[in-house]
Engineer: 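The following block contains the structure, expressed as C-alpha cells.
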Amino acid sequence: MKRIIILILVVIFSLSSLTSCWGSRELDEMALVSGLAIDNHPEGYEITVQIMLPRVAASEQAASSLATRNFSEHGESVFQTIRRLIRRLSRKAFFSHCQVIIVHEDVAREKLFEAMDFFFRDPELRSDAVFLIAKDVKAKDVLSVLTVMDPVSGVSINKILQAMQKYFQANRDMNFHDVVADILADGIDAAVRGVTVKGNLEKGKKYEDIQESEPVAYIVIEDLAILKEGKLIGWLNEDDIKGYNNLLGKIQNAIITVPCSDTNFYNLETRKIKTKYKVIEEDGKVKVKVKINVTATLGEIGCNIDITDDKEIKRLQKIFEEEFVTNAYRTLEKLQKEYKTDIVGFGEEIHRQKPKLWKNLKDDWNKHFETLEVDITSNVKIDKTGKNTNNPLNKYLKK
C-alpha cells in the first residue's frame with residue numbers, strides 16, 4: 001500500500017511538471033511558406049509567397065479546395081518587402097517549410113547577390129530548399145500554376161527536380177545554400193536549373209485545369225543557367241547538359257540515345273557513372289585528364305543486332321563511348337570559348353591535387369580555364385541486356 005501511494009504521488013508530481021511550450025504557435029496561426037518567387041519591380045523587388053492552408057488540407061474540403069494561396073508585395077529590398085506581406089497575411093511569414101526559391105532571370109542577371117542575401121542569413125530557411133531561375137516567364141507565375149500530382153506546387157517542383165537529378169539530368173547543385181557556396185568558392189562557378197511554364201498560363205492558374213484529364217498548363221524544368229561571379233550570363237540547352245552530366249559523373253539511371261539508322265535508335269540506361277580527374281603539370285602548364293567510367297544496361301534496341309554476340313556488344317560499347325566523349329567535348333568547348341566559365345570544377349580539382357600550382361592560378365582562374373587542355377576518354381561496360389536475349393522483332397528491324 002505504501003508503494004502504491006508513493007507511485008501515485010510520483011505520477012501526480014510528474015504530470016504537474018509537464019507544461020506546454022510557452023513559445024509555441026498553433027499551426028493555423030502561422031503563415032507557412034511552401035514556395036517563394038522573386039521578380040523585378042520598378043520600386044525594387046516583387047516578392048510572392050505561396051502559403052499553405054493547413055485547415056483546408058486537413059478537412060473534407062481538401063479534394064475540392066485549393067491547399068495554397070499566393071500573396072505578392074513589392075518594395076525596395078527583399079527584407080522590407082517580406083515584412084510588408086504582413087499587411088496581407090495578417091501574420092508573419094515562416095520559411096521553415098519552404099521547398100523552392102525561384103528568381104526571375106532578369107534579377108539573376110542584375111542583382112542576384114542582393115536578392116539572395118536575406119535568405120542566406122535567415123536561419124529559418126530549410127537547408128534542402130531548391131533554387132531555380134525562371135526563364136521566359138515571371139517567377140511568381142511558376143508558383144501560380146496548379147499541379148496535379150501534389151496540391152502544393154512548391155512541393156511538386158521540389159519532387160520533380162529530385163527525380164530529374166536521379167533519373168534524367170543532374171547538375172552539381174540544387175539547394176540554395178549549395179549554390180551560394182559555389183558562388184563564393186574558388187575554382188568553380190555556379191550552375192542553376194531553369195524553370196518555365198508550357199501551355200496556357202492563365203488557365204493553368206485556375207482550379208478547373210487540374211480537373212481535366214490533360215492539364216492545359218504545366219511546369220517544366222529545363223536548361224541550365226550559368227552564373228559567372230554571381231550573375232547569370234547564359235544558358236546550356238538539353239544537349240549541352242548531356243555533356244555537363246558526363247563531365248560531372250553524378251547522374252545515374254540516365255538514358256543515352258544514339259542513332260542506328262535514319263529513323264531508329266539504340267538506348268542505353270546508365271546504372272553507374274563515375275568520372276575521374278587527373279591533374280598533370282608539364283613545363284609549367286597544367287593539363288587535366290578526364291576518364292568517364294560507365295556501367296549500363298541495354299534498354300531498347302531499334303535495329304537488328306545479335307546481343308548474344310560479344311563482338312556486337314563491344315561494338316555497341318564503342319559507339320556509346322564515342323557518344324559520351326563527343327558530348328563532353330562539345331559542352332566543354334562552349335564553356336571555354338563562349339562563356340569562359342568553369343561550372344564543372346576543374347579549378348577545384350587542381351586545388352585539391354596540386355595546391356602549390358593552384359596558388360599561381362586562382363587569382364585569374366577563368367582566364368586560365370579558357371586555354372586549359374583537357375583530355376577526355378570513356379569506358380562503357382554493358383553488363384545487362386534485358387530479360388530476353390533475342391529480340392522477337394529483329395526480323396522487322398533494319399540491320
Side-chain angles (χ1 to χ4, degrees), residues 31 33-51 68-89 93 95 98-122 125 129-145 153-154 157-158 161 173-177 179-180 182-184 189-202 204-205 217 219-237 339 341:
V33 177
S34 58
L36 174 101
I38 306 176
D39 290 291
N40 263 339
H41 188 274
E43 188 176 330
Y45 299 94
E46 181 179 24
I47 306 293
T48 301
V49 291
Q50 183 179 78
I51 302 298
T68 62
R69 289 290 190 277
N70 291 352
F71 299 88
S72 298
E73 259 294 356
H74 57 82
E76 297 174 353
S77 69
V78 172
F79 194 13
Q80 176 199 57
T81 308
I82 288 175
R83 282 299 172 91
R84 280 185 175 181
L85 281 164
I86 292 177
R87 299 183 301 185
R88 302 197 60 195
L89 297 174
F95 294 92
C98 185
Q99 298 277 331
V100 59
I101 297 175
I102 305 172
V103 174
H104 188 265
E105 56 185 324
D106 287 346
V107 177
R109 287 191 185 97
E110 300 165 6
K111 47 188 178 182
L112 185 59
F113 273 135
E114 295 86 344
M116 297 170 70
D117 184 75
F118 168 75
F119 301 101
F120 183 63
R121 299 174 186 278
D122 187 6
L125 184 68
V130 298
F131 183 67
L132 298 168
I133 295 179
K135 184 182 181 185
D136 301 327
V137 66
K138 283 190 173 183
K140 71 174 185 178
D141 287 337
V142 178
L143 284 182
S144 298
V145 174
S153 60
I157 293 169
N158 192 308
L161 193 59
D173 301 306
M174 298 189 306
N175 299 340
F176 174 80
H177 289 293
V179 173
V180 172
D182 269 358
I183 290 175
L184 299 177
D189 281 304
V192 180
R193 288 311 301 247
V195 62
T196 191
V197 176
K198 302 289 187 180
N200 191 316
L201 175 59
E202 294 307 313
K205 297 178 181 180
I219 297 168
V220 179
I221 295 175
E222 63 180 11
D223 294 349
L224 187 69
I226 300 174
L227 305 182
K228 186 174 184 178
E229 297 177 355
K231 292 185 177 181
L232 172 64
I233 62 169
W235 297 87
L236 294 182
N237 61 31
Y339 294 121
T341 304

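Residue numbers start at 1 and run along the sequence shown. As the structure is a computational prediction, the values presented were derived from the model and not from experiment.
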Engineer: Could you pull out every donor-acceptor pair under 3.5 Å between side chains of residues 99-107 and any protein atom, sequence neighbours left out?
Structural biologist:
from: Gln99; atom 1: OE1; to: Asn158; atom 2: ND2; distance (Å): 3.1
from: His104; atom 1: ND1; to: Asp106; atom 2: N; distance (Å): 3.0
from: Glu105; atom 1: OE1; to: Arg109; atom 2: NH2; distance (Å): 3.2
from: Glu105; atom 1: OE2; to: Asp136; atom 2: N; distance (Å): 2.8
from: Asp106; atom 1: OD1; to: Arg109; atom 2: NH1; distance (Å): 3.3

Engineer: Between Ile183 and Gly230, which heavy-atom pair has the shortest distance, and what is it?
Structural biologist: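 Taking Ile183 first and Gly230 second, the nearest heavy atoms are CG2-CA, 3.9 Å.
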
Engineer: Name all residues meeting the side-chain hydrogen bond (donor to acceptor under 3.5 Å, both in side chains) criterion together with Lys228; count only those two or more places apart in sequence or in a different chain, and write none if there are none.
Structural biologist: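 Per chain and number, Lys228 pairs via side-chain hydrogen bond (donor to acceptor under 3.5 Å, both in side chains) with no residue.
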
Engineer: Indicate yes or no: at least one non-hydrogen side-chain atom of Leu232 is less than 4.5 angstrom from one of Leu112.
Structural biologist: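 Side chain of Leu232 against side chain of Leu112, heavy atoms only: no contact under 4.5 Å found.
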
Engineer: What distance separates His177 NE2 from Met116 CE, expressed to the nearest 0.5 Å?
Structural biologist: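 His177 NE2 to Met116 CE: 9.5 Å, rounded to 0.5 Å.
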
Engineer: Tell me, please, which residues at least two apart from Lys111 pass side-chain hydrogen bond (donor to acceptor under 3.5 Å, both in side chains).
Structural biologist: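 With sequence neighbours excluded, Lys111 shows a side-chain hydrogen bond (donor to acceptor under 3.5 Å, both in side chains) to Asn40, given in chain and number order.
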
Engineer: Using the side chain to side chain contact (heavy atoms under 4.5 Å, CB included) definition, which of the options Ile82, Thr81, Leu125 pairs with Phe118?
Structural biologist: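 Result: among Ile82, Thr81, Leu125, Ile82 is the only option passing the side chain to side chain contact (heavy atoms under 4.5 Å, CB included) with Phe118.
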
Engineer: Is any side-chain heavy atom of Ile51 closer than 4.5 Å to a side-chain heavy atom of Val33?
Structural biologist: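 In short, these two side chains touch, coming nearer than 4.5 Å.
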
Engineer: Could you list the residues that satisfy ring pair (Phe, Tyr, Trp, His ring centres under 6.0 Å) with Tyr339, not counting sequence neighbours?
Structural biologist: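 Listed in chain order: nothing, the list is empty.
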
Engineer: Could you grab the distance from atom OG1 of Thr341 to atom CD1 of Ile233, nearest 0.5 Å is fine?
Structural biologist: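 One gets 3.5 Å once the value is rounded to the nearest 0.5 Å.
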
Engineer: Can you name the nearest heavy-atom pair linking Ile133 to Ala225, along with the distance?
Structural biologist: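 Ile133 and Ala225 have their closest heavy atoms at CD1-CB, 3.7 Å.
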
Engineer: Do you know which two heavy atoms are closest between Leu36 and Val49, and how far apart they sit?
Structural biologist: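 Taking every non-hydrogen atom into account, CD1-CG1, 3.7 Å.
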
Engineer: CG/Leu132 to CD1/Ile221 distance, rounded to the nearest 0.5 angstrom?
Structural biologist: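 Those atoms lie 5.5 Å apart.
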
Engineer: Quick one: salt bridge (Lys or Arg N to Asp or Glu O under 4.0 Å) partners of Arg84, sequence neighbours excluded?
Structural biologist: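 With sequence neighbours excluded, Arg84 shows a salt bridge (Lys or Arg N to Asp or Glu O under 4.0 Å) to Glu43, given in chain and number order.
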
Engineer: Ignoring hydrogens, what is the shortest heavy-atom contact between Ala129 and Cys98? Give both atom names and the distance.
Structural biologist: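 Here Ala129 and Cys98 meet closest at CB-O, 3.4 Å.
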
Engineer: Evaluate the side-chain proximity of Asn175 to Val130: yes if any heavy-atom separation is below 4.5 Å, no if none is.
Structural biologist: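 Side chain of Val130 against side chain of Asn175, heavy atoms only: contact under 4.5 Å found.
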
Engineer: Side-chain contact test, heavy atoms from C-beta onward, threshold under 4.5 Å: evaluate it for Tyr45 versus Glu73 and give yes or no.
Structural biologist: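 No - every pair of side-chain heavy atoms lies 4.5 Å or more apart.
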
Engineer: Mind checking whether Val180 and Phe176 have side chains closer than 4.5 Å, heavy atoms only?
Structural biologist: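 Yes, close enough: below the 4.5 Å cut-off.
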
Engineer: Give a yes or no answer on whether the side chain of Arg193 reaches the backbone of Asp223 with a donor-acceptor pair at less than 3.5 Å.
Structural biologist: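 Yes.
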
Engineer: Could you give the distance from CD (Glu114) to OG (Ser77), rounded to the nearest 0.5 Å?
Structural biologist: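 Nearest 0.5 Å value for the CD-OG distance: 11.0 Å.
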
Engineer: For Asp39, what residues pass the side-chain hydrogen bond (donor to acceptor under 3.5 Å, both in side chains) criterion, not counting sequence neighbours?
Structural biologist: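 Expected list: none.
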
Engineer: Taking all non-hydrogen atoms of both residues into account, name the closest pair between Ser153 and Leu143 and its distance.
Structural biologist: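 Looking at all heavy atoms of both residues, the shortest contact is OG-O, 3.1 Å.
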
Engineer: Return the NZ to CZ distance between Lys140 and Phe71, rounded to the nearest 0.5 Å.
Structural biologist: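 One gets 13.5 Å once the value is rounded to the nearest 0.5 Å.
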
Engineer: More than 12 heavy atoms of other residues, nucleotides or ligands under 6.0 Å from NZ of Lys135: is that the case?
Structural biologist: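 Above 12, so yes.
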
Engineer: Evaluate Val192 against Leu227 for side-chain contact (heavy atoms from CB on, under 4.5 Å), listing each step before the verdict.
Structural biologist: CA-CA 8 Å; Val192 180; Leu227 305 182; 3.8 Å; yes

Engineer: For Glu229, look at atom CD and say whether over 12 heavy atoms of other residues, nucleotides or ligands are found less than 6.0 Å away.
Structural biologist: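 Check fails, neighbour count at 12 or below.
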
Engineer: To the nearest 0.5 Å, what is the distance between CG (Asp189) and NZ (Lys231)?
Structural biologist: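 It comes to 13.5 Å.
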
